[in-house]
**Q** 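Sending over a structure as structure tokens; questions will come in a sec.
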Amino acid sequence: MKTSALFTPHQIGSISITNRVLMAPMTRSRTAQPGDIPTDLMADYYAQRAGAGLIISEATQISAQGKGYSFTPGIYTKQQISGWQKVTRKVHAAQGKIFSQLWHVGRMSHAVFHEDDLPVAPSAIAPDAQVWIVGEDGEGRMLDCPTPRELEYAEIKSIVKNYQQAAKNAMLAGFDGVEIHGANGYLIDQFLRRSSNHRDDKFGGSIDNRMRFAIDVVETVCTAIGADKVGIRLAPFITQRGMQDDEITDTILAVAKKLNKLGVAYIHLSEADWEEAPVVPEKFRHDLRAAFSGTIIVAGNYTAESGANLIEQGLADAVAFGRKFIANPDLPARFANNWPLDDISDNDTLFGGNEKGYTDYTNYMAANV
Ligand SMILES: Cc1cc2nc3c(=O)[nH]c(=O)nc-3n(C[C@H](O)[C@H](O)[C@H](O)COP(=O)(O)O)c2cc1C
């Protein structure tokens with residue numbers, strides 16, 4: 001099948017991309033401790049994948065409160081910003097482009113990250129989910145998320161400011177733009193859904209109220225760095241982590257209309273990626289296209305063929321690949337030349353650890369000439 005649609009240039013807001021094979025954001029939990037600081041090894045990992053039309057960084061906490069997993073990076077201290085500078089310099093030196101994914105986990109967290117205080121959320125409802133935590137013995141375990149504390153009205157404003165500062169920090173760190181993480185059951189998603197948001201102030205209740213936090217964040221980030229450098233990730237079809245809400249597609253379409261007015265660069269759909277997940281309804285794709293005139297990125301179990309097919313139908317502009325980019329640093333070249341793909345060799349190396357399973361995957365040409 002033809003995959004040439006993946007290899008035409010495209011404009012995403014202020015940046016031009018030379019191919020539409022993007023690297024999806026992926027947490028790999030390899031920061032330096034203490035301080036959640038990006039390392040030289042992370043710079044090598046991202047630079048190896050600079051052939052992507054655009055790299056979206058792993059989720060990166062905007063504040064200490066926004067953290068929910070061990071060893072994930074932050075972007076709110078000087079040391080973290082200089083760590084990221086090493087990453088962006090190396091990616092740019094390899095002709096790549098990279099956005100920072102800005103993250104606040106909300107209730108997807110644990111008291112161990114907050115000096116025994118509870119994680120925060122729109123409402124005090126436990127997520128029926130677990131987070132990955134490395135104990136003092138050095139062993140990683142999945143631990144249940146506790147019932148979070150409901151955010152006070154005034155605190156919500158200060159979190160919005162944290163997003164703005166993090167976006168400015170991302171610019172200082174040399175990123176080409178930011179992706180606001182509004183997907184996968186994290187804080188912004190928690191505000192969007194009736195299952196996790198039972199507030200009775202202006203951040204809860206109607207669709208307009210539930211989307212207010214997302215829009216406030218996007219607006220303030222756009223004011224700080226320019227809408228043409230801002231994208232957002234949304235996940236209309238996840239149901240796990242206590243996120244089931246049959247009004248979510250209407251809510252997300254309402255968000256998309258508002259984002260269109262704000263002129264943000266892209267919407268990135270995090271689609272269902274597990275085996276036998278529901279297929280995204282064709283109608284939703286058309287509705288999203290009608291609501292939003294910027295770039296639409298899709299991700300979740302795509303192949304080169306299925307991605308190119310969606311671009312040809314006009315229902316997406318670019319495709320982000322996750323797991324395939326882990327095992328194939330030269331993924332766009334493999335797609336372009338029809339070279340075989342490697343598989344992830346060891347799932348235990350996905351989160352945490354060293355260069356094993358991280359920077360030791362090879363380019364096809366290097367391994368086969
Ligand atoms: C190891 C791993 C870490 C991930 N971390 C993130 C993350 O930090 N932020 C995010 O939005 N999605 C994250 N995801 C989801 C991916 O971005 C992507 O949507 C998913 O892997 C489906 O794409 P794929 O089938 O091409 O792998 C992660 C996925 C994997 C496999």
Side-chain angles (χ1 to χ4, degrees), residues 6 20-31 36 38 42 45-46 49 52-62 66-75 98-106 108-109 129 131-132 140 142 178-189 231-238 240-241 243 266-277 279-280 296-308 310 316 318-329 331-332 334-335 341-353 357-358 361:
L6 294 173
R20 294 149 187 255
V21 181
L22 314 192
M23 179 170 162
M26 279 180 294
T27 294
R28 305 299 309 273
S29 302
R30 278 167 168 84
T31 55
D36 301 332
M42 287 168 61
Y45 164 77
Y46 282 112
R49 289 157 180 79
L54 171 66
I55 295 171
I56 299 142
S57 83
E58 63 208 275
T60 298
Q61 55 260 9
I62 58 164
K67 177 173 176 175
Y69 300 77
S70 288
F71 305 154
T72 55
I75 189 145
I98 181 165
F99 273 38
S100 168
Q101 192 186 47
L102 302 184
W103 193 32
H104 189 306
V105 295
M108 290 291 300
S109 188
V131 284
W132 184 77
M142 298 302 289
V178 303
E179 174 174 291
I180 294 164
H181 196 342
N184 301 352
Y186 297 114
L187 185 63
I188 290 175
D189 209 7
I232 184 166
R233 196 168 214 215
L234 297 165
F237 300 102
I238 71 152
Q240 60 273 66
R241 300 178 168 174
M243 300 310 286
Y266 70 80
I267 292 178
H268 181 178
L269 288 185
S270 173
E271 298 178 8
D273 60 14
W274 57 96
E275 291 296 311
E276 296 175 31
V279 177
V280 175
I296 296 177
I297 302 170
V298 293
N301 257 345
Y302 280 88
T303 61
E305 289 77 14
S306 63
L310 210 59
V319 186
F321 295 87
R323 290 162 290 190
K324 291 186 179 66
F325 247 118
I326 292 180
N328 302 278
L331 187 64
R334 292 195 192 216
F335 283 161
L341 299 186
D342 287 327
D343 291 324
I344 291 176
S345 50
D346 178 1
N347 281 329
D348 288 344
T349 61
L350 286 178
F351 303 105
Y358 191 54
Y361 289 104

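Predicted model, so just to flag it, every value in this text is computed and none were measured. No hydrogens, no waters, no symmetry mates; every other heavy atom, side chains included, goes into these values. One-based numbering, in listed order, for ligands and for the atoms of each.
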**Q** State which residues pass ring-ring contact (aromatic ring centres under 6.0 Å, His included) with Phe237; sequence neighbours excluded, sorted by chain then number.
**A**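 Here the qualifying residues are Phe284.
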**Q** Decide whether Gln61 and Thr72 meet the rule of one side-chain donor and one side-chain acceptor closer than 3.5 Å.
**A**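 On atom types as modelled, these side chains qualify, holding a pair under 3.5 Å.
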**Q** Would you indicate whether the side-chain heavy atoms of Tyr361 and Ile344 approach each other to under 4.5 Å?
**A** yes
**Q** Could you list each N/O atom of ligand 1 together with any protein N/O atom closer than 3.5 Å, one pair per line with the distance?
**A**
residue	atom	partner	partner atom	Å
ligand 1	5 (N)	Thr27	N	2.9
ligand 1	8 (O)	Thr27	N	3.3
ligand 1	8 (O)	Thr27	OG1	2.7
ligand 1	8 (O)	Ala59	N	3.2
ligand 1	9 (N)	Gln101	OE1	2.9
ligand 1	11 (O)	Gln101	NE2	3.0
ligand 1	11 (O)	His181	NE2	3.1
ligand 1	11 (O)	Arg233	NH1	2.7
ligand 1	12 (N)	Pro25	O	3.4
ligand 1	12 (N)	Arg233	NH1	2.9
ligand 1	14 (N)	Pro25	O	3.4
ligand 1	17 (O)	Pro25	O	2.7
ligand 1	17 (O)	Arg233	NH1	3.0
ligand 1	17 (O)	Arg233	NH2	3.4
ligand 1	19 (O)	Arg233	NH2	2.9
ligand 1	25 (O)	Asn301	N	2.7
ligand 1	25 (O)	Arg323	NH2	2.6
ligand 1	26 (O)	Gly322	N	2.8
ligand 1	27 (O)	Arg323	N	2.8
ligand 1	27 (O)	Arg323	NE	2.8

**Q** Taking the six-membered ring for Trp, are the ring centroids of Tyr69 and Phe351 within less than 6.0 Å of each other?
**A**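 Between Tyr69 and Phe351, the centre distance exceeds or equals 6.0 Å.
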**Q** If you look at every heavy atom in Arg30 and Arg28, which pair is closest and at what distance?
**A** NH1-O, 3.0 Å
**Q** Parallel, tilted or perpendicular: which one describes the rings of His181 and Trp103, with boundaries at 30° and 60°?
**A**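 Ring orientation of His181 relative to Trp103: parallel.
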